[in-house]
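By convention in this document, chain letters (A, B, ...) are assigned in the order of the sequence lines, proteins followed by strands, and residues within each chain are numbered from 1. In what follows, every heavy atom counts, from backbone to side chain, and hydrogens, waters and symmetry copies are set aside.
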2 protein chains.
Amino acid sequence: MSDQTLTDRSPDSDRAGGSAAFSPLYQQIKALLLQGLDRGEWKPGEAIPSELELAARFQVSQGTVRKAIDELAAENLLLRRQGKGTFVATHHEAKVRFRFLRLTPDDATPAVSGSRILDVRRLKAPADVAALLELRSGETVVNLRRVLSFDDSPTILDDIWLPGAPFKGLTAELLEASRSPLYALFESEYGVSMVRAEEKIKAVAADAAQAELLAVEVGHPLLQVERISFTYGDRPMELRRGAYLTERFHYRNSLN
Amino acid sequence: MSDQTLTDRSPDSDRAGGSAAFSPLYQQIKALLLQGLDRGEWKPGEAIPSELELAARFQVSQGTVRKAIDELAAENLLLRRQGKGTFVATHHEAKVRFRFLRLTPDDATPAVSGSRILDVRRLKAPADVAALLELRSGETVVNLRRVLSFDDSPTILDDIWLPGAPFKGLTAELLEASRSPLYALFESEYGVSMVRAEEKIKAVAADAAQAELLAVEVGHPLLQVERISFTYGDRPMELRRGAYLTERFHYRNSLN
DNA sequence: AAGTGGTCTAGACCACCGG
DNA sequence: CGGTGGTCTAGACCACTTA
């Protein structure tokens, strides 16, 4: 957060000029904060500077900084805590986990969960994966497959693809040693913060491989969830293809 | 919007008292606006009074009204249009329709859609339906079933339950005569605005009835979507059980 | 008591829309 | 041109946390 290149707002500049694209000050502040987050100036879980300090730094009023932070907080990139400060969102919290895992038990019984890694491989990205992750075809990716169980019954089959460069040194051992959720691991081990995701959902019939791993017959209906997760600059950083068993679980969603 | 019962904010009142629940002024304004919307003071598509007028009416500053409206706009109850005014959200708009229908063609080809009403009945609410619609068991409900087709292939099977009282006089003829989406009809004919919904999604196997209507074999995987829609006071006003064919469509979702 | 975010005000000015 | 929402400021005061 060194150089601050706010658009000149004197009467002769863009604001009064008319034709140039008009960008409010608070949007420029927001962009600067985003840059700071992206380059890791403040790490997940840490506090960013106070509103007054940022206002002084950017030479604007507290209200303008406030509006920028408001938007970032609404997007769940920042977390405000009255009396304490404003903090960078992190996946190292129980409540945040259900923001991305929408599968919920039909009855509210909390379930014991377990993860079993099937394999972790590095390979050249298949064309479809490369396209979705915005990689050049032939670039290295990490492919990770696992089974998630609840109360000892296998429920989720995940086929996860990650760009190779940011995830150097990701091994099965490392994954098995970690007890935190995957996105928390990505955050603390690789500095990759997942901020937003898009999902496409279908109902499909289980193929032979899926049927065996989930202990159902071939043809059994499965919820197929394809997710692309993004970091700060809307840069795709994970492709995840999941197959969910939905006998005792459902995918919940809110429409606003 | 007649009586305005804002909490006294003098030094001796709740704000300084300490123990009473503290509610910011703008939240009280928001609640008043919500009341006005609920009682139909301003109809969907109409403009609400300007910020300055509301500020004068409620004896607060424009900024405070603004913050109340900001939240209602964020929840999609109101729509701000610079230079024109603030409008009550309505389902009579193409863009709003895809806020509740999350099924999207895999390739972006726009599809011609058609609706066929199977039947419309009035009956005493089954126990599960009554519970979800927060009705006393035995109260009358309207049950409506239909098939939605895209490009002439049946794709969505809807089983819709509505509380009988607000939807008096709903008939198959009326539905078939209308070319607007269901929620738009509810709005203009029955004064019921759907504002928010919760969905629970599973993958299931088609039963005999579903298989025939959707022209697939029994056992074919279907996306089963149970939706409860709410009006202004978070009052449930529709239970919808849908079965979606997802060969050429998918359910899209964004995780923030 | 000091420092943080949260509320509220009053006023100025800008961007956009319509007559 | 007047009216609308949108931005920005400066300042006061409140609520909450920590020490």
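Taken from CG in L79(A) to CD in E93(A), the straight-line distance is 6.5 Å, to the nearest 0.5 Å. For the atom pair CG (N253(B)) and CZ (R252(A)), the distance works out to 10.0 Å, reported to the nearest 0.5 Å.
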Under-3.5 Å N/O pairs linking protein and nucleotides 2-4 of chain D:
| from | atom 1 | to | atom 2 | distance (Å) |
| --- | --- | --- | --- | --- |
| dG3(D) | N2 | G83(B) | O | 2.9 |
| dT4(D) | O2 | G83(B) | N | 3.2 |

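For the side chain to side chain contact (heavy atoms under 4.5 Å, CB included) test, residues two or more places apart in sequence or in another chain that qualify with E134(A) are P236(A). Applying the side-chain hydrogen bond (donor to acceptor under 3.5 Å, both in side chains) test to Q82(B) and every residue at least two apart in sequence or in another chain returns nothing. The side chain to side chain contact (heavy atoms under 4.5 Å, CB included) search around I117(A) returns S115(A), V120(A), L144(A), R146(A), A172(A), L175(A), E176(A), not counting sequence neighbours.
Here dA10(C) presents its P atom at 10 Å from CD of Q59(B), a figure rounded to the nearest Å. Distance, I29(A) CD1 to dC8(D) P: 9 Å, rounded to whole Å. The separation between D70(B) atom CG and dC8(D) atom P is 14 Å, rounded to whole Å.
Less than 4.0 Å separates DNA chain C from at least one heavy atom of each of the following residues of residues 61-69 of chain A: R66(A). Listed by residue number, R80(A) are the residues of residues 71-80 of chain A with a heavy-atom contact under 4.0 Å to DNA chain C.
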Check the pair R241(A) / D158(A) against salt bridge (charged side-chain N to carboxylate O under 4.0 Å, His left out), numbers first and verdict last.
CA-CA 6 Å; R241(A) 294 193 173 117; D158(A) 272 334; over 6 Å; no
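Here R80(B) pairs with D70(B) in a salt bridge; the nearest charged N to carboxylate O distance falls below 4.0 Å. Taking the charged nitrogens against the carboxylate oxygens, R196(A) and E198(A) do have a contact shorter than 4.0 Å, which makes a salt bridge. Classification of E71(B) and R66(B) as a salt-bridged pair fails, no side-chain N sitting under 4.0 Å from a carboxylate O.
The cationic group of R235(A) does not satisfy the cation-pi geometry with F230(A), failing either the under 6.0 Å distance to the six-membered ring centre or the 45° limit from the ring axis.
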